[in-house]
A.B. asks: 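Submitted below is the structure of interest, expressed as structure tokens.
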2 protein chains.
Amino acid sequence: MSHMVYARLMTVDREQVLRTAAALLSRKATATMDEVAKAAGIGRATLHRHFAGRDALVRALEDLGIREFQMALDAARLDEGSALDALRRLIAETESNAALLGFLFTENQLFEGSVNEGWAELDARVSGLFQRGQEDGDFRIDLTAAWLTEALYGLVGSGAWAVQSGRVASKDYQFMIAELLLGGVTRRSVEK
Amino acid sequence: MSHMVYARLMTVDREQVLRTAAALLSRKATATMDEVAKAAGIGRATLHRHFAGRDALVRALEDLGIREFQMALDAARLDEGSALDALRRLIAETESNAALLGFLFTENQLFEGSVNEGWAELDARVSGLFQRGQEDGDFRIDLTAAWLTEALYGLVGSGAWAVQSGRVASKDYQFMIAELLLGGVTRRSVEK
DNA sequence: ATCTAATGAGACATTGATGTCTCATATGGT
DNA sequence: ACCATATGAGACATCAATGTCTCATTAGAT
């Protein structure tokens with residue numbers, strides 16, 4: 001795992017702690033710092049050495065989530081090929097950080113006061129993808145790009161939760177989200 | 001409004017307080033009792049007279065949400081007509097309590113320890129609707145009913161949030177959720 | 001007009017989480 | 001073998017939220 005290369009084996013894996021924290025906090029938003037520490041398998045003192053306090057932890061969580069989402073957007077190459085394929089790629093790229101992104105999308109608490117400036121840009125990129133799809137005639141135009149963006153977030157969150165709770169197999173994550181978002185529930189005779 | 005008939009005008013509208021609390025807590029899960037009281041426009045002491053503590057408040061929130069969702073399920077008459085129409089009716093019925101249901105669907109904290117027994121039944125009814133649609137040939141069968149259920153919850157939550165944040169017009173709530181869930185994003189030539 | 005009941009504001013003690021500290025231990029590098 | 005450094009456990013003070021109380025005020029019933 002590349003992110004461990006420079007880490008001394010004794011030290012805490014910062015990102016791993018954050019991922020664990022995201023999983024816990026998305027399940028129980030009022031979790032204590034002590035609970036977070038226990039969930040991450042480290043001492044409370046150590047957790048405190050890495051994150052000055054709860055605010056700093058949440059901020060770090062926000063930063064990591066935004067960073068990961070940005071990488072997912074980059075990796076998905078939204079401008080290449082059809083918007084439809086680009087959206088599939090984007091959904092695929094969200095899988096490895098589904099829990100973290102689910103937390104990011106649903107915890108609106110994060111954007112209290114100072115809305116993270118980085119987020120607006122990423123949001124615009126997603127919205128832009130849907131717009132492109134609409135302009136290209138691939139996506140329907142009776143649903144606004146803003147709504148499609150929100151819907152994607154919601155489905156990613158639901159998908160992460162469904163996998164985490166064991167209701168959906170991890171391997172079906174991409175398929176279920178992509179198929180539902182693209183095709184909807186209705187069964188269709190013959191197409192594609 | 002029927003729920004005020006027996007309430008003395010001076011007394012607090014319990015449900016109104018709960019709805020306000022849901023809107024606030026879904027936005028900021030760590031909100032203080034004092035913040036909840038202020039948001040509801042009542043004193044902290046009064047809030048405390050109606051809900052013994054934070055736990056009691058959350059429990060009441062859970063109860064009301066489940067009650068409202070149950071009423072929505074009843075009103076939607078899921079067994080009548082096509083599953084497709086039934087789903088449309090259900091979505092329509094969620095509108096009046098979108099914020100509360102959004103809170104209920106996303107705040108997984110609620111189901112800590114003792115999963116509310118009432119919830120399982122409602123969950124089964126929704127899942128049953130999707131199963132019926134699949135058996136009738138109206139819904140696609142390559143997406144599990146469990147996932148479709150989770151997806152519906154996610155979209156309702158996203159819809160409530162989109163309306164609440166002003167990104168989507170309130171009047172478009174039903175249309176956007178139903179159309180996306182039923183038809184998906186992909187544009188189709190001629191059908192319906 | 002009077003009475004009853006619920007409210008809002010605020011004081012207060014209590015609880016629980018937080019943040020800081022020390023110290024013994026263990027790990028990995030030298 | 002030795003040293004650096006990070007950790008875990010726990011003690012501790014601090015602070016914020018909680019829960020309980022009183023009391024004046026107000027709304028509504030009679």
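Note that the structure is a prediction, hence the values are computed from the model and not measured. Labels below follow one simple rule: chain letters A, B, ... track the order of the sequence lines, proteins then strands, and each chain is numbered from 1.
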A.B. asks: Sequence neighbours excluded, which residues qualify as side-chain contact (heavy atoms from CB on, under 4.5 Å) partners of Glu93(B)?
C.D. replies: Ala72(B), Ala75(B), Ala76(B)
A.B. asks: Verify the contact: side-chain N or O of His48(A) to OP1 or OP2 of dC21(C), cut-off strictly under 4.0 Å; return yes or no.
C.D. replies: no
A.B. asks: Would dA4(D) be called syn or anti here, given the cut-off of 90° from 0?
C.D. replies: syn
A.B. asks: If you look at every heavy atom in Arg125(A) and Asp74(A), which pair is closest and at what distance?
C.D. replies: NH2-OD1, 2.8 Å
A.B. asks: Any sub-3.5 Å donor-acceptor pair from Thr32(A)'s side-chain atoms to Glu35(A)'s backbone N or O?
C.D. replies: no
A.B. asks: Can you check whether His50(B) has a side-chain N or O nearer than 4.0 Å to OP1 or OP2 of dT7(C)?
C.D. replies: yes
A.B. asks: Is dA1(D) paired to anything, Watson-Crick or G-U wobble with both distances less than 3.5 Å, and if yes, which nucleotide?
C.D. replies: dT30(C)
A.B. asks: So, the side chain of Asp13(B) versus the backbone of Glu15(B): is there a donor-acceptor pair under 3.5 Å, distance only?
C.D. replies: yes
A.B. asks: Who is the Watson-Crick or G-U wobble partner of dC15(D), with both distances under 3.5 Å?
C.D. replies: dG16(C)
A.B. asks: Establish whether the base of dG19(D) is bridged to the side chain of Arg49(B) by a donor-acceptor pair shorter than 3.5 Å.
C.D. replies: no
A.B. asks: Round to the nearest Å and state the distance from Phe51(A) atom CZ to dT20(C) atom C1'.
C.D. replies: 18 Å
A.B. asks: Taking the nucleotide of DNA chain C with the closest heavy atom to each, which residue, Ala45(A) or Thr32(A), is nearer the 5' end?
C.D. replies: Thr32(A)
A.B. asks: With no angle test and no hydrogens, is the base of dG19(C) tied to the side chain of Arg44(A) by a donor-acceptor pair under 3.5 Å?
C.D. replies: yes
A.B. asks: What residues in residues 35-42 of chain B put a non-hydrogen atom under 4.0 Å from any atom of DNA chain D?
C.D. replies: none
A.B. asks: Side chains of Phe51(B) and Leu18(B): closer than 4.5 Å at any heavy-atom pair?
C.D. replies: yes
A.B. asks: Return the value, rounded to whole Å, for the distance between atom CG of Asp34(B) and atom C1' of dG19(D).
C.D. replies: 13 Å
A.B. asks: Closest heavy-atom contact between Phe130(A) and Leu87(A)?
C.D. replies: CE2-CD2, 3.8 Å
A.B. asks: Taking CG from Asp55(B) and P from dG16(C), how many angstroms apart are they, rounded to a whole number?
C.D. replies: 12 Å
A.B. asks: Which donor-acceptor pairs under 3.5 Å do the side chains of residues 149-157 of chain B make with protein atoms, sequence neighbours left out?
C.D. replies:
from	atom 1	to	atom 2	distance (Å)
Thr149(B)	OG1	Ala145(B)	O	2.8
Glu150(B)	OE2	Arg167(A)	NE	2.8
Glu150(B)	OE2	Arg167(A)	NH2	3.3
Tyr153(B)	OH	Asp123(B)	OD1	2.5

A.B. asks: Nearest whole Å is fine: how far is dA17(D) P from Met33(B) CE?
C.D. replies: 13 Å
A.B. asks: Once you round it to whole Å, what is the distance between P of dT18(D) and CG of Leu47(B)?
C.D. replies: 10 Å
